[in-house]
Every structure is written in structure tokens, then in C-alpha cells.
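Some notes on the structure that comes next.
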Amino acid sequence: MEKKRWDCTALPKGWKMEEVTRKSGLSAGKSDVYYFSPSGKKFRSKPQLARYLGNQMDLSSFDFRTGKMLMSKLNKNRQRLRYDNNNQNKGKPDLNTSLPVRQTASIFKQPVTKVTNHPNNKVKTDPQKAVDQPRQLFWEKKLSGLNAYDIAEELVKTMELPKGLQGVGPGCTDKTLLSAIASALHTSAAPITGQLSAAVEKNPGVWLNTTQPLCKAFIVTDEDIRKQEELVYSVRKRLEEALMADMLAHVEEAANEGDTLKEEGNGSEDMESV
């Protein structure tokens, strides 16, 4: 890997930008960008950088890949701020009575509940607005290039999918396929069958079934279920053996401590008799 580090002028003084380019492997030629604070703390993403800086700096117009401020976004933010200030100066009351929309990014359906103290107050819902909005085609590609890290900032390995699961669509990888399947399992009550139409491989933009993940049609056989049951049984057996070994080790340690205390007590009695 080739590393290059230089000062980032868009951030406060002392911040460094580092670009790591891979020279070999399947990802040869691809590069990752990191930022280092004056104290040496490493940042892998823009959200981490924004949380660390807080109110010190507005990063809405900051491009994480290039380390520069995008003037087009900066001008739009200024125009929006000027427009909001003008509207606030007019003093118009907010007459919108609709319930707020949850802004948290989650694949689980979490409705917003309006809590009131008066017993006669009722929350009315519009069934037409409750219909799910259409999702963007191939939205799973937004998650490409993102990695999960643990608390020690070590890369979390991606789950290995069965060989029978094969992705369809442009740029579909194992990571995007895993994200699509996980989202379908949590957001849909329908069974996961994959793309049943054979025409989806020729033109996925036309024949893609948006209610199913981006994978070819597959069938879970009895052999697959048997293998999974054997895997679960094996893991439980190893866990049982580990717990038993840990318990025996604690018992042996407690017995050794008891023998040591007994010997010390006998020694002190012999000294007193002398």
C-alpha cells in the first residue's frame, strides 16, 4: 500500500489528510481517505469527523474524499439560511398539524407516537399517507464501500453467504446482497424467494421485483436445513464444553486456595506450639 499525507486547509489548523492506495489484490488501484487531528486521533468517515468537531465547524459542504469545501453546496446553504431567516422575520405561525417524521436511520419500522395529557385528545391518521413510499431502484448500491468497525477500530468481517445465493443487477456484491437480504427480512412480512423472473438478468431495470432482494431465485432444501441444524448443534456443544471447562477451572482454583489457607493455618499452629 502507498500512503500520502498532507495538511488539510479546509479543516482547522493542524489537521492532516491521508490517502492510502492499494497496490495489489482485487481492490488494486482503490484508495481510502483518513483524517488525523492535531493530537493524532484517526477518523475514517465524515460522521465521525462531524461528531468530533461538533459546533466548531459546519461540515455540510465538506467533501470527505477530496478534503475541500464544495462551493456549490456552500452557496446553496447560504441561500437556504438567508431564505429561512427572511421567513422567520415575517413572523408567520406554523399551522402544520401533521405528526413529525422520524429522522433516525433505521431499517425497522418505528412509528412516531403523539403523547397528550388531555383524555379527549385523539390522534388521527390518514390511511392514504400511511402507504409506503416507493423505494429507489438499486438503493443497496448506496451501502457499497462502507465497512463496519468494532470499538477497537478493527474491521468487522462480513458474513459468508451460501453459494446458492447469487446477486443480480449492476455492481451487485456480497456486501450489497447481504444488506438487501437483511433489509427484506426486517421490513417485509412476505417470504424471501429472490427474483423469480428470468428476464431480470437481461434487463434488471425493467423486470426487477422491488419487494425482493437483489438475488436470483433460490430454494431452501431439507439438506440446507439439516446442515444449519448441525452447525447450531456444534456451536452449542462447543459452548457447553467451554462453560464446563471454565466451571471446573474455578472449582480447582477455589480448592487450591482452600488448601493453601489450610497449610498456612497448620504452620501458624505449629509455631505457636513451639
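- Atom OG1 of residue Thr221 and atom CD of residue Glu223 lie 6.5 Å apart, to the nearest 0.5 angstrom.
- Listed for the Gln228 side chain is no donor-acceptor partner under 3.5 Å among the backbone atoms of Asp224.
- What you find for Pro12 and Met57 is that their closest heavy atoms are CD-SD, 3.7 Å.
- Distance check: Phe43 CZ to Glu18 CD gives 13.5 Å after rounding to the nearest 0.5 Å.
- Within 6.0 Å of the CG atom in Asp222, the count of heavy atoms belonging to other residues, nucleotides or ligands does not exceed 12.
- A heavy-atom distance below 4.5 Å is not found between the side chains of Asp32 and Glu19.
- Remark: Tyr233 OH to Glu240 CD distance equals 8.0 Å, nearest 0.5 Å.
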Intermediate values then yes/no, side-chain contact (heavy atoms from CB on, under 4.5 Å), Gln56 and Leu53: CA-CA 5 Å; Gln56 299 181 16; Leu53 291 175; 4.0 Å; yes

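- Ring-plane geometry between Tyr52 and Trp15 is classed as perpendicular, the angle between the planes exceeding 60 degrees on a 0 to 90 degree scale with a lower cut at 30.
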Test side-chain contact (heavy atoms from CB on, under 4.5 Å) applied to Ser31 and Arg65, step by step: CA-CA 10 Å; Ser31 59; Arg65 294 294 304 177; 3.3 Å; yes

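- Taking the side chain as every heavy atom from C-beta outward, Phe36 and Met17 never approach each other to under 4.5 Å.
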Would you tabulate the side-chain donor-acceptor contacts of residues 191-198 under 3.5 Å, counting partners in other chains and residues two or more places apart, or write 'none'?
residue : atom : partner : partner atom : Å
Gln195  : OE1  : Asn209  : N            : 2.8
Gln195  : NE2  : Asn209  : O            : 3.0
Gln195  : NE2  : Gln212  : O            : 3.2
Gln195  : NE2  : Pro213  : O            : 3.1
Ser197  : OG   : Ala199  : N            : 3.3

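- Between the CD1 atom in Ile225 and the NZ atom in Lys227 there is a gap of 12.5 Å [rounded to 0.5 Å].
- What you find for Val168 and Cys215 is that their closest heavy atoms are CG2-N, 3.8 Å.
- Remark: Glu241 does not engage Lys237 in a salt bridge, criterion side-chain N to carboxylate O under 4.0 Å.
- Within the model, atoms SG of Cys8 and OH of Tyr35 stand 5.0 Å from one another, a figure rounded to the nearest 0.5 Å.
- Cation-pi check for Lys42 over Tyr34 is met; the charged atom lies under 6.0 angstrom from the ring centroid and within 45 degrees of its normal.
- Here Ser37 contributes atom OG and Lys16 contributes atom NZ; the two are 12.0 Å apart, rounded to the nearest 0.5 Å.
- Put simply, the side chain of Asn256 gets close to the backbone of Glu252: a donor and an acceptor are under 3.5 Å apart.
- Lys46 places a side-chain heavy atom less than 4.5 Å from the side chain of Leu59.
- Considering Arg236, Glu230, Arg238 as possible partners of Ser234, the one that fulfils the side chain to side chain donor-acceptor pair (under 3.5 Å) test is Arg238.
- By the rule that hydrophobic residues join a cluster once side-chain heavy atoms approach within less than 4.5 Å of another member, Leu11 and Trp6 end up as members of one cluster.
- Although no hydrogens or angles enter the test, the distance criterion places no donor-acceptor pair under 3.5 Å between the side chain of Asp7 and the main chain of Thr9.
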Decide yes or no on side-chain contact (heavy atoms from CB on, under 4.5 Å) for Met244 and Leu248, but give the supporting numbers first. CA-CA 6 Å; Met244 182 62 69; Leu248 294 176; 4.3 Å; yes

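- In this structure the side chain of Val33 never reaches within 4.5 angstrom of the side chain of Val20, judged on heavy atoms.
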